[in-house]
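As C-alpha coordinates, the structure follows; a few thoughts come after it.
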Amino acid sequence: MIYRTALSVANAIDSHYKGSREIHFSKVKQGLIKPCFFVRVISTSWKRQISDFFLINQRLEVRFIPKSEDEYEEEIMETEYNLMQILEELPFISKVNDNTGEVEAYDGLIRGSNISAVDNDGELIFIVEYKFRVYIEHEKDLMETLTVDAKPKLGRQK
(Lines give C-alpha, C1' and ligand atoms only; values in the text may rest on other atoms or scores of the structure.)
Protein backbone atom coordinates (compact mmCIF):
# COMPACT_ATOMS: atom_id res chain seq x y z
CA MET A 1 0.00 0.00 0.00
CA ILE A 2 2.81 2.44 0.84
CA TYR A 3 4.47 1.88 -2.52
CA ARG A 4 1.15 2.19 -4.36
CA THR A 5 0.52 5.62 -2.82
CA ALA A 6 3.91 6.90 -3.98
CA LEU A 7 3.34 5.28 -7.36
CA SER A 8 -0.09 6.95 -7.63
CA VAL A 9 1.50 10.35 -6.95
CA ALA A 10 4.25 9.74 -9.52
CA ASN A 11 1.70 8.52 -12.07
CA ALA A 12 -0.48 11.62 -11.60
CA ILE A 13 2.53 13.92 -12.06
CA ASP A 14 3.67 11.97 -15.13
CA SER A 15 0.16 12.13 -16.65
CA HIS A 16 -0.01 15.89 -16.15
CA TYR A 17 3.41 16.55 -17.68
CA LYS A 18 2.88 13.88 -20.37
CA GLY A 19 6.23 12.23 -19.70
CA SER A 20 8.27 15.41 -20.25
CA ARG A 21 9.78 15.29 -16.71
CA GLU A 22 11.67 12.41 -15.15
CA ILE A 23 10.32 11.10 -11.86
CA HIS A 24 12.61 9.28 -9.43
CA PHE A 25 12.02 7.30 -6.25
CA SER A 26 15.66 7.28 -5.12
CA LYS A 27 18.77 9.43 -5.37
CA VAL A 28 20.42 9.75 -8.76
CA LYS A 29 24.20 9.62 -8.46
CA GLN A 30 25.04 10.51 -12.05
CA GLY A 31 23.26 11.78 -15.13
CA LEU A 32 20.47 13.78 -13.50
CA ILE A 33 18.34 15.33 -16.23
CA LYS A 34 16.61 18.56 -15.17
CA PRO A 35 13.80 19.42 -14.66
CA CYS A 36 12.80 16.38 -12.60
CA PHE A 37 10.82 15.19 -9.61
CA PHE A 38 11.68 12.98 -6.64
CA VAL A 39 8.84 11.23 -4.81
CA ARG A 40 9.31 9.59 -1.42
CA VAL A 41 7.25 8.58 1.57
CA ILE A 42 8.41 10.55 4.62
CA SER A 43 6.30 8.82 7.24
CA THR A 44 3.50 6.33 7.68
CA SER A 45 1.41 5.80 10.78
CA TRP A 46 -1.19 3.16 11.59
CA LYS A 47 -3.77 3.82 14.24
CA ARG A 48 -6.25 1.15 15.26
CA GLN A 49 -9.85 2.24 15.16
CA ILE A 50 -12.86 0.14 16.09
CA SER A 51 -12.53 -3.61 15.56
CA ASP A 52 -10.34 -4.37 12.52
CA PHE A 53 -10.39 -0.84 11.08
CA PHE A 54 -7.17 1.15 10.87
CA LEU A 55 -6.48 4.79 10.05
CA ILE A 56 -3.35 5.01 7.89
CA ASN A 57 -1.71 8.41 7.46
CA GLN A 58 1.04 8.77 4.86
CA ARG A 59 3.14 11.91 4.37
CA LEU A 60 4.85 12.21 1.01
CA GLU A 61 7.50 14.59 -0.20
CA VAL A 62 7.66 15.63 -3.82
CA ARG A 63 10.88 17.46 -4.61
CA PHE A 64 11.13 19.41 -7.85
CA ILE A 65 14.47 20.44 -9.31
CA PRO A 66 14.03 23.14 -11.99
CA LYS A 67 15.90 23.25 -15.26
CA SER A 68 17.56 26.63 -14.75
CA GLU A 69 19.53 27.38 -11.60
CA ASP A 70 19.63 31.11 -12.36
CA GLU A 71 16.03 31.93 -13.27
CA TYR A 72 14.07 29.30 -11.40
CA GLU A 73 11.45 31.43 -9.58
CA GLU A 74 8.82 31.37 -12.32
CA GLU A 75 9.29 27.65 -12.99
CA ILE A 76 8.97 26.85 -9.27
CA MET A 77 5.83 28.96 -8.83
CA GLU A 78 4.19 27.36 -11.86
CA THR A 79 5.12 23.86 -10.68
CA GLU A 80 3.85 24.60 -7.16
CA TYR A 81 0.47 25.63 -8.55
CA ASN A 82 0.34 22.54 -10.79
CA LEU A 83 1.20 20.19 -7.91
CA MET A 84 -1.53 21.74 -5.76
CA GLN A 85 -4.03 20.89 -8.49
CA ILE A 86 -2.60 17.46 -9.33
CA LEU A 87 -2.11 16.07 -5.83
CA GLU A 88 -5.28 17.32 -4.17
CA GLU A 89 -7.27 14.44 -5.68
CA LEU A 90 -5.80 11.65 -7.76
CA PRO A 91 -6.59 8.07 -8.84
CA PHE A 92 -5.24 5.39 -6.50
CA ILE A 93 -3.40 2.56 -8.23
CA SER A 94 -4.63 -0.81 -7.01
CA LYS A 95 -2.75 -3.17 -9.34
CA VAL A 96 0.55 -2.97 -11.20
CA ASN A 97 1.94 -5.57 -13.60
CA ASP A 98 5.05 -7.00 -11.93
CA ASN A 99 6.79 -7.70 -15.23
CA THR A 100 6.18 -4.49 -17.15
CA GLY A 101 5.46 -2.01 -14.34
CA GLU A 102 2.31 -0.90 -16.20
CA VAL A 103 -0.73 0.20 -14.23
CA GLU A 104 -3.47 -2.40 -14.61
CA ALA A 105 -6.22 -1.09 -12.33
CA TYR A 106 -7.29 1.89 -10.25
CA ASP A 107 -9.36 1.79 -7.07
CA GLY A 108 -11.11 5.11 -6.64
CA LEU A 109 -9.65 8.50 -5.79
CA ILE A 110 -7.49 9.61 -2.86
CA ARG A 111 -7.56 13.13 -1.50
CA GLY A 112 -4.49 14.98 -0.28
CA SER A 113 -4.62 17.08 2.86
CA ASN A 114 -2.23 19.32 4.81
CA ILE A 115 -0.60 20.38 1.57
CA SER A 116 2.39 22.67 1.90
CA ALA A 117 5.27 23.85 -0.27
CA VAL A 118 8.54 25.62 0.36
CA ASP A 119 11.31 26.91 -1.91
CA ASN A 120 14.58 25.58 -0.50
CA ASP A 121 17.69 26.90 -2.28
CA GLY A 122 16.15 26.73 -5.74
CA GLU A 123 14.30 23.44 -5.21
CA LEU A 124 10.60 23.11 -4.52
CA ILE A 125 9.76 20.81 -1.62
CA PHE A 126 6.11 19.86 -1.65
CA ILE A 127 4.52 17.94 1.26
CA VAL A 128 1.14 16.21 1.07
CA GLU A 129 -0.69 13.76 3.37
CA TYR A 130 -3.03 10.98 2.37
CA LYS A 131 -5.32 9.33 4.91
CA PHE A 132 -6.93 5.94 4.45
CA ARG A 133 -9.46 4.09 6.56
CA VAL A 134 -8.71 0.44 5.98
CA TYR A 135 -10.44 -2.75 7.05
CA ILE A 136 -8.12 -5.70 7.58
CA GLU A 137 -9.81 -9.04 7.01
CA HIS A 138 -8.62 -11.97 9.06
CA GLU A 139 -9.27 -15.59 8.43
CA LYS A 140 -11.94 -16.71 10.76
CA ASP A 141 -10.97 -19.74 12.77
CA LEU A 142 -14.08 -21.80 12.73
CA MET A 143 -14.44 -24.44 15.35
CA GLU A 144 -14.61 -27.95 14.12
CA THR A 145 -17.94 -29.60 14.59
CA LEU A 146 -18.01 -31.71 17.67
CA THR A 147 -20.24 -34.72 17.44
CA VAL A 148 -21.28 -36.44 20.58
CA ASP A 149 -22.56 -39.97 20.54
CA ALA A 150 -23.99 -40.25 24.01
CA LYS A 151 -27.16 -41.47 25.54
CA PRO A 152 -28.62 -40.33 28.81
CA LYS A 153 -27.98 -42.62 31.70
CA LEU A 154 -31.15 -44.24 32.79
CA GLY A 155 -31.63 -44.55 36.49
CA ARG A 156 -33.52 -47.21 38.33
CA GLN A 157 -37.16 -46.81 38.46
CA LYS A 158 -39.02 -47.48 41.68
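Residue indices begin at 1 and follow the sequence shown. Computed from heavy atoms alone, side chains included, the values below leave out hydrogens, waters and symmetry copies.
- Considering only heavy atoms from C-beta on, Thr79 comes within 4.5 Å of Tyr17 through its side chain.
- Within a 6.0 Å radius of CG in Asp121, no more than 12 heavy atoms belonging to other residues, nucleotides or ligands are found.
- One distance of note links CZ of Phe126 with OG of Ser116; it measures 7.5 Å at 0.5 Å rounding.
- Distance alone, capped at 3.5 Å, places no donor-acceptor pair between the Gln58 side chain and the Thr5 backbone.
- Residue Pro66 comes nearest to Tyr72 through the heavy atom pair CG-CB, 3.7 Å, listed as atom of the first residue, atom of the second, then distance.
- Between Val41 and Ala6, the closest heavy-atom pair is CG2-CB, 4.1 Å.
- With a 6.0 Å radius and a threshold of 12 heavy atoms from other residues, nucleotides or ligands, Tyr81 has its OH atom at or below the threshold.
- Expressed to the nearest 0.5 Å, how far CD1 of Ile93 lies from OH of Tyr106 amounts to 5.0 Å.
- Hydrophobic clustering keeps Met77 apart from Val128 (ILVMFWY residues linked when any side-chain heavy atoms are closer than 4.5 Å, directly or through intermediates).
- There is no path of hydrophobic side-chain contacts, each under 4.5 Å, that joins Ile110 to Ile127.
- From Glu80, atom CD reaches atom CG of Leu124 across 5.5 Å, with rounding to the nearest 0.5 Å.
- Considering OH of Tyr130 and CD of Glu89, their distance stands at 10.0 Å, rounded to 0.5 Å.
- Under a hydrophobic-cluster definition in which Ile, Leu, Val, Met, Phe, Trp and Tyr are linked whenever side-chain heavy atoms come within less than 4.5 Å, directly or via other members, Ile65 and Ile23 are assigned to different clusters.
- The side chain to side chain donor-acceptor pair (under 3.5 Å) pairs that include a residue from residues 37-47 are Arg40-Glu61, where partners are two or more places apart or lie in different chains.
- Annotation for Glu75 and Ser68: closest pair OE1-N, 3.9 Å, computed over non-hydrogen atoms.
- One finds the CZ atom of Phe37 at 10.0 Å from the CG atom of Asp14 (value rounded to the nearest 0.5 Å).
- Both tests do not hold together for Arg4 against Phe92: distance to the six-membered ring centre under 6.0 Å, angle to the ring axis within 45°.
- Both Ile86 and Ile115 belong to a single network of hydrophobic side chains, linked directly or stepwise wherever heavy atoms of I, L, V, M, F, W or Y lie under 4.5 Å apart.
- Of all heavy-atom pairs spanning Ala12 and Leu90, the tightest one is CB-CB, 4.0 Å.
- Atom CD of Gln85 has more than 12 neighbouring heavy atoms from other residues, nucleotides or ligands inside a 6.0 Å radius.
- With values rounded to the nearest 0.5 angstrom, Leu87 atom CG is found 5.0 Å from Ile13 atom CD1.
- Within the 4.5 Å cutoff, the side chain of Val62 has no heavy atoms near those of the Phe38 side chain.
- When hydrophobic clusters are built by joining Ile, Leu, Val, Met, Phe, Trp and Tyr residues whose side-chain heavy atoms come closer than 4.5 Å, directly or via intermediates, Phe132 is grouped together with Leu60.
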